[in-house]
Amino acid sequence: MLNWYKLEEPAGNSPVEIKIGSKKVCITMHLDKLQACAARCPHAGGAMAGGYVDALGNIVCPVHHYRFSLQNGRNTSGEGYFLKIYKVEEREDGWYIGLEE
């Protein structure tokens with residue numbers, strides 16, 4: 001079951017780390033859509049908020065430049081890792097993230 005939390009839209013398109021309860025997540029805007037993923041890279045634990053989103057919509061880890069699709073979390077640079085992606089919805093009153101209990 002998902003619990004939904006309202007998000008503040010980040011200023012600009014750079015990834016930002018936020019805390020929701022005890023969980024840290026990374027959010028970013030790409031093509032006018034809010035995206036959310038794990039705060040840390042599954043490879044070496046780099047802070048995803050220190051990276052950037054490329055033109056194809058991949059978030060790039062700042063440590064080893066591994067790329068992950070913001071749509072499904074697949075590692076698009078070929079190393080075989082998966083990044084946790086969180087469900088985000090745009091509603092009439094703003095953006096919401098769904099987190100498992």
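Computation of the quantities below employed the complete heavy-atom set of this structure, encompassing side-chain atoms and omitting hydrogens, waters and symmetry-equivalent molecules. Not measured: the values here are computed from a predicted model.
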### Query
Are the side chains of His43 and Glu79 in touch, meaning some heavy atoms are under 4.5 Å apart?
no
### Message
As a quick check of understanding, evaluate side-chain contact (heavy atoms from CB on, under 4.5 Å) for Tyr81 and Cys41, giving each step before the final call.
### Response
CA-CA 9 Å; Tyr81 294 94; Cys41 178; over 6 Å; no
#### Entry: 4.5 Å side-chain heavy-atom contact, Phe82 and Arg74
yes
#### Entry: Test item: Leu7 and Ile20 side chains (from C-beta on) under 4.5 Å apart, heavy atoms
yes
### Query
Does atom CD of Glu89 have more than 12 heavy-atom neighbours, drawn from other residues, nucleotides or ligands, at distances under 6.0 Å?
yes
### Message
For Asp32, is the CG atom crowded, meaning more than 12 foreign heavy atoms sit under 6.0 Å from it?
### Response
no
### Query
Would you call Ile59 and Arg67 a side-chain contact if the rule is heavy atoms closer than 4.5 Å?
no
### Phe68 with Tyr52, same ILVMFWY side-chain cluster at under 4.5 Å
no
#### Entry: Same apolar cluster: Leu34 and Val53, side chain cutoff 4.5 Å
no
### Task
Give the minimum heavy-atom separation between Ala39 and Glu17, together with the two atoms involved.
CB-OE1, 3.7 Å
#### Entry: Which atom of Met29 lies closest to which atom of Pro10, heavy atoms considered
CG-CG, 4.0 Å
### Query
Can you name the nearest heavy-atom pair linking Pro62 to Gly50, along with the distance?
CB-O, 3.5 Å
### Query
Any donor and acceptor pair, going by atom type alone, linking the side chain of Lys33 with main-chain N or O of Val88 inside 3.5 Å?
no
### Query
Given the rule that I, L, V, M, F, W and Y join up when any side-chain heavy atoms are under 4.5 Å apart, are Ile27 and Tyr96 in one cluster?
no
### Task
Check whether any side-chain heavy atom of Ile97 sits under 4.5 Å from a side-chain heavy atom of Trp95, and report yes or no.
no
### Task
Measure the shortest side-chain to side-chain distance between Pro42 and Tyr66 over non-hydrogen atoms and say whether it is less than 4.5 angstrom.
no
### Task
May I ask whether Val60 and Val63 are part of the same hydrophobic cluster, defined by side-chain heavy atoms of I, L, V, M, F, W, Y residues being less than 4.5 angstrom apart, directly or through others?
no
### Query
Considering all heavy atoms of both residues, which atom of Cys26 and which atom of Pro15 are nearest to each other, and what is their separation?
SG-CB, 3.6 Å
### Query
With a 4.5 Å limit on heavy-atom distance, are the side chains of Glu100 and Lys87 in contact?
no
### Task
May I ask you to decide if Leu99's main-chain N or O and Asn3's side chain share a donor-acceptor pair within less than 3.5 Å?
no
### Query
Does the side-chain contact (heavy atoms from CB on, under 4.5 Å) test come out yes or no for Tyr5 and Lys23, once each step is laid out?
CA-CA 12 Å; Tyr5 301 89; Lys23 183 176 260 331; over 6 Å; no
### Query
Any side-chain heavy-atom pair from Leu83 and Met48 closer than 4.5 angstrom?
yes
